[in-house]
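What follows is a single structure, written as structure tokens, with notes after it.
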2 protein chains.
Amino acid sequence: MAEKVTIATVAQHARVSRQTVSNVINAPHIVRPETRQRVQDAIVTLGYRANQAARQMRTGRSRLIAVRIEPTRDGINGSVLDRFLHGLTETAEASGYRVMLYTAADDDREIATYGDLLSAYDLDGFVITGTDHGDPRTAWLAEREIPFVTFGRPWDHLQSHSWVDVDGAAGTAAATAHLIAAGHRRTGFIGWPAGSGVGDDRRAGWRRALVETSVDPTALDAETEDGIAEGARAARELLDRPAPPTALVCASDSLALGAMQTLRTAGADLPVIGFDDTPVAAAVGLSSVSQPLGDAAARCVDLLTDLLDGPRHGPRQVLLRPALVLRHPA
Amino acid sequence: MAEKVTIATVAQHARVSRQTVSNVINAPHIVRPETRQRVQDAIVTLGYRANQAARQMRTGRSRLIAVRIEPTRDGINGSVLDRFLHGLTETAEASGYRVMLYTAADDDREIATYGDLLSAYDLDGFVITGTDHGDPRTAWLAEREIPFVTFGRPWDHLQSHSWVDVDGAAGTAAATAHLIAAGHRRTGFIGWPAGSGVGDDRRAGWRRALVETSVDPTALDAETEDGIAEGARAARELLDRPAPPTALVCASDSLALGAMQTLRTAGADLPVIGFDDTPVAAAVGLSSVSQPLGDAAARCVDLLTDLLDGPRHGPRQVLLRPALVLRHPA
DNA sequence: GGGCAGGATTGGAACGTTCAAGTTGGTTGA
DNA sequence: TCAACCAACTTGAACGTTCCAATCCTGCCC
């Protein structure tokens, strides 16, 4: 094992003081180019790497950001997190940050974990996913002025903190417009009960697209909880109506998958478009609205590092457009 | 914001020295019970939490373990990582460790990242997934005596380091036995080309189950790369043989899914069992061999903390039995 | 040539913890 | 009676970095 190389080793090797080495690293512009070069050479030669713990103790900053890894929800939608985490880690690395994971069974314990992570590890910031109306977590963080970004809009006060989200309405609108263009004026929708921000948003996009072509959406709308069985049931119910839809847009791939099952057993051949572009959709040839998760993760890191490193400007928001992925059932 | 509470604050409050507080935390048995209680009360009252950075600087240990988050492979099998990570994080927390993520495009860069993580963050250990024959990463770590555990057997020298794995052969054997018990003596297998440790293992289980009932496996075996289309092709090829199988076991859910497609279009109704129990399998009602990922993750952490905290004993190995999840296609 | 401004560099101190080497005070044993 | 010992606790130093204040140059102007 090689000797431990510290800032002092580098200083000695480059015949300068510790502080000058530190300056080369943290404020290169105040060091004379000639000296800077000599120090940089020494750093490379010795393979020096700044010790984060020591830096952290002095500065109080850890260059660490925390993300919660959720106790795998229904599984079918869960795999979304994978891609998001990967994007997050990758972008964070590029900005000199690292990602730390944590879990929590509920909001209260999650908040307790914040305290722990902050005082024990000096965490710099948080990325929060799956926010709800009046989320206690964001309130807690905001109150203490701890930097954080949410992936998902706060549906109550849109401007109060930084967030990144995907424009679900634009996604369902695009899906609906695609079906209308293919001749399906009566495109139905299976979505979640009103009240969830995300669900309402996705329904709104579908509704908008229909209204734009002067079709009344009310008779083509089905509300149900998420799930394959629920989707199947809702599809059956829609087909039994007086003027059934000739195509379907769904708020999730789970619902869409259920709908496809109903259609197959009923021998009906309506096009269905899901939401989230999960692996399942790809596997069964289901068209779906795809969230740009890599981008979303990258923007989350950007907004967070903005809060951490950047000059003091208020919170920022980013709304990304999803893409429509068209497939043909096998 | 509350005043920062350090070990000195606690010491003052409990009328003891810093060191005694430190002892209460790290070596309680050497402190008189009475004093210990007083210190512990002070800790609770003040809400003291040991600063990791300071501890780390002194001890050289970070209580951090690193896991790679992979650049989402084919998606269908990828969602396995989610559950594994969650289990890892949860168990690590219980043992007082935290999980840090990293990415790397290839083995070389992964090794470079090890160096970075070790010298900058003083990482205590690594959990490595997806190991291959003669993996350069494990060699690098072993050479430097850095604690690590792999999820997946090293297929060359089984005893050289700690690992956790799932007994794939037991899984396919159970699946095959189940089908045989249902009357399918000619149970076929679709697996990957010989040479991959995991693939060969899964094939071996199927083969063993057949041989036990005196059926010759050779004519019922198909080799192909992983993928839905490949699975479909292999199934067609198997069905065209002189004595086609009456049931199928597959090395992955992707292959199984492809096989199911072929069977449906061919109007054949053979039972199919996949491997990994991915969300896709659950969605389409595919029976599958389920890996106990939560357990596996927990055991990984156990073995790693064993290496880190425990008394010096050699590497250990854990082989977990997978479970057969039976479903009925919708 | 002496004074001065300002950029470049330096040395001491501090962050919060644990290690190593103490100091106390009480008990044992010859 | 006093050395030796032990348990319980304390004190100073060190980990590697950055902050802060001080010092050293260098060139410029009068």
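Worth saying up front: this structure is predicted, and the values here are computed from it rather than measured. Convention: sequence-line order gives letters A, B, ...; per-chain numbering from 1.
- Spacing between atom CD of A/Q56 and atom P of D/dT18 amounts to 12 Å, rounded to whole angstrom units.
- No more than 12 heavy atoms of other residues, nucleotides or ligands sit less than 6.0 Å from atom CD of B/Q12.
- The distance between atom CZ of B/R55 and atom P of D/dT17, rounded to the nearest whole Å, is 21 Å.
- Using a 4.5 Å heavy-atom cutoff, the side chains of A/T138 and A/P154 are not in contact.
- If you check C/dT9, D/dG16, D/dT10 against the side chain of A/N51, the one that comes closest is D/dG16.
- For the OP1/OP2 pair of D/dT17 and a distance below 4.0 Å, the side-chain nitrogens and oxygens of A/Y48 include at least one atom meeting the criterion.
- When the P atom of C/dG16 is taken as reference, atom CG of B/L46 falls 14 Å away, rounded to whole Å.
- Contact detail for A/I7 and A/Y48: the closest heavy-atom pair is N-CE1, 3.5 Å.
- Nearest heavy atom pair, residue B/F84 against residue B/C300, reads CZ-SG, 4.0 Å.
- A close approach under 4.0 Å does not occur between any side-chain nitrogen or oxygen of A/T20 and OP1 or OP2 of C/dA8.
- The aromatic rings of A/F148 and A/H161 sit tilted relative to each other, their planes meeting at an angle between 30° and 60°.
- In the set D/dT18, D/dT10, C/dA8, the nucleotide with an atom closest to the side chain of A/R32 is C/dA8.
- For B/V31, the listed nucleotide lying nearest its side chain is D/dC9; candidates were D/dC9, C/dT9, D/dT17.
- Distance, A/I25 CD1 to D/dT17 C1': 9 Å, rounded to whole Å.
- Protein atom NE2 of A/H29 is 14 Å distant from nucleotide atom C1' of C/dT9, rounded to whole Å.
- Looking at A/S162 and A/L304, their side chains never come closer than 4.5 Å, going by heavy atoms from C-beta outward.
- Protein atom OH of B/Y121 is 22 Å distant from nucleotide atom P of D/dC15, rounded to whole Å.
- Comparing B/A54 and B/R15, the nucleotide of DNA chain D nearest to each residue sits closer to the 5' end for B/R15.
- Looking at A/N26 and A/R55, their side chains come closer than 4.5 Å, going by heavy atoms from C-beta outward.
- Across D/dT17, D/dT10, C/dT9, the shortest atom-to-atom separation from the side chain of B/V16 is found for D/dT10.
- Note on B/S17: a side-chain N or O is less than 4.0 Å away from OP1 or OP2 of D/dT10.
- Nearest heavy atoms, A/G87 versus A/A297: C-CB, 3.6 Å.
- Distance A/I30 CD1 to C/dG6 P: 17 Å, rounded to the nearest Å.
- Taking 4.0 Å as the cut-off between side-chain N and carboxylate O, B/D106 and B/R109 count as a salt-bridged pair.
- The overall bend of the helix from C/dG1-D/dC30 to C/dA30-D/dT1, read as the angle between its terminal helix axes built from five base pairs each, is 70° when rounded to 10 degrees.
- Note: B/W140 and B/Y114 have tilted aromatic rings, judged against thresholds of 30 and 60 degrees for the angle between ring planes.
- Atom CD1 in A/I7 sits roughly 13 Å away from atom C1' in C/dT10 (whole-Å rounding).
- Using a 4.0 Å heavy-atom cutoff across all strands shown, A/A50 reaches sugar-phosphate atoms only and no base atom.
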What does nucleotides 19-24 of chain D look like as a protein-contact string, B for base, S for sugar-phosphate only, - for none, at under 4.0 angstrom between heavy atoms?
BB----

